[in-house]
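Here is how names work: the chains are called A, B, and so on, in the same order as the sequence lines, proteins then strands, and each is numbered from 1. No experiment lies behind these values; they were computed from the predicted model shown. These values consider heavy atoms only, across backbone and side chains, with no hydrogens, waters or symmetry-generated copies.
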Amino acid sequence: MPSLDVIEVLDWFDANARDLAWRKPGTTGWGVLVSEIMLQQTPVARVEPIWLAWMARWPLPSSLAAVSQGEVVRAWGKLGYPRRALRLHAAAGVIAAEHNDVVPADIDTLLALPGIGAYTARAVAAFAYGQRCPVVDTNVRRVVARAAHGAGDAGPPSTTRDLADVEALLPADPATAARASAALMELGAVVCTARAPRCGDCPVVSSCAWQRAGRPAYDGPAKAVQRFAGTDRQVRGLLLDVLRGSTDPAPKTRLDLVWSDACQRDRCLHSLVVDGLVEQTEDGRFALPGEHRQGVTK
DNA sequence: CAGGCGTGGGC
DNA sequence: TGCCCAAGCCT
């Protein structure tokens, strides 16, 4: 009873891989890193046009590092979680200054950069540099949970255990292992999906433990529900959207229009300033950071 | 370590 | 603006 034959998944991937922009030959480590940061919690379709624009405008870490934080946040557009843009900008500065403008290949060095965690560090090491290391995202966790463990979905993440779990599945050859990781992710993204898996299209359906078990429903602890409407996240998004939309600093009266609850509004504006996503100008207006002289943080 | 952090598409 | 989901990271 084979648990999960990644070679089968690899063969399927060779024939069915999506033609994503960052998978083109010649994509640099920088290109891979930018794509991975943008793809965190964000669908491929929304990322692709932004990634292409960024690569054309900022082909090197140093080119991104050279512009203001505000420009970067503005170019991030509506990808969401704009703190990612700030962290990527900071990482680019470190890469330019300390790593000769080349994205590091060493996992621990990558982990030391802002915004790069267990997944992204290994994704860069594997996809940009062909290293043999487990690359575990939500797709891989789901595929392994089903095909190997026979569960309806993955349980709560545990980085240490998840990494060991997937490491054991990887082929010995580094380049093949790296492609196998991409293949597992792709399978989870387009076939072994969370909601309605297309098992009829799955290359490992015949050996899938979840199939064998009769496709039982997920029986683990309930996953935390992420509310959005009415949260600070929504209000922060509305505030930032105003500032992205104008090159001139906005008076607070303009920002007051986006949300009726003044208390929540002010709390969110303040938190944006604390996060470095917003600056207050000398005359008391608000703007994206670094685009106007001496922002006053208060 | 559970919860905070954007945004939009699918149903 | 109901609910779930999408290549996570940070504190």
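Counting only heavy atoms from C-beta on, Arg244(A) has its side chain closest to dT7(B) among dT7(B), dG10(B), dG6(B). Distances from the side chain of Arg227(A) to the nucleotides dC3(C), dT7(B), dG8(C) place dC3(C) closest.
Distance noted for atom P between dG3(B) and dC4(C): 16 Å (whole Å). The P atoms of dG6(B) and dG10(B) are separated by 23 Å, rounded to the nearest whole Å.
Contacts with DNA chain C (heavy atom under 4.0 Å) in residues 119-129 of chain A: Tyr119(A), Thr120(A), listed by number. Within residues 75-97 of chain A, the residues that place at least one heavy atom under 4.0 Å from DNA chain B are, in residue-number order, Lys78(A), Leu79(A), Gly80(A), Tyr81(A), Pro82(A), Arg83(A). Across residues 25-49 of chain A, Gln41(A), Thr42(A), Arg46(A) each have a non-hydrogen atom less than 4.0 Å from an atom of DNA chain B (numbered order).
Counting to the nearest Å, the P atom of dG4(B) and the CZ atom of Arg236(A) are 12 Å from each other. Distance, Lys223(A) NZ to dC3(C) P: 18 Å, rounded to whole Å. Taking atom CZ of residue Arg141(A) and atom P of nucleotide dG8(C), one finds them 10 Å apart after rounding to whole Å. Atom CZ of Phe228(A) and atom C1' of dG4(B) are 13 Å apart (whole Å).
Taking the charged nitrogens against the carboxylate oxygens, Asp248(A) and Arg285(A) have no contact shorter than 4.0 Å, which rules out a salt bridge. A salt bridge does not link Asp153(A) with Arg141(A): none of the charged nitrogens is closer than 4.0 Å to a carboxylate oxygen. Comment: Asp275(A) engages Arg236(A) in a salt bridge, judged by a side-chain N to carboxylate O separation of less than 4.0 angstrom. A salt bridge does not link Arg122(A) with Glu167(A): every distance from a Lys NZ or Arg NE/NH1/NH2 to an Asp or Glu carboxylate oxygen is 4.0 Å or more. Remark: Asp256(A) engages Lys252(A) in a salt bridge, criterion side-chain N to carboxylate O under 4.0 Å.
Within 4.0 Å of Arg18(A), counting heavy atoms only, lies at least one base atom of the nucleic acid.
Applying the 6.0 Å contact sphere to CG of Asn100(A) captures no more than 12 heavy atoms from other residues, nucleotides or ligands.
Every residue was checked against the ring-ring contact (aromatic ring centres under 6.0 Å, His included) condition with Trp30(A), not counting sequence neighbours, and none meets it. In this structure, the side-chain contact (heavy atoms from CB on, under 4.5 Å) partners of Ala148(A), at least two apart in sequence or on a different chain, are Ser3(A), Leu4(A), Val144(A).
For residues 55-68 of chain A, the salt bridge (Lys or Arg N to Asp or Glu O under 4.0 Å) pairs, not counting sequence neighbours, are Arg57(A)-Glu71(A).
Not a single donor-acceptor pair, N or O on each side, falls under 3.5 Å between the base of dC5(C) and the side chain of Arg195(A).
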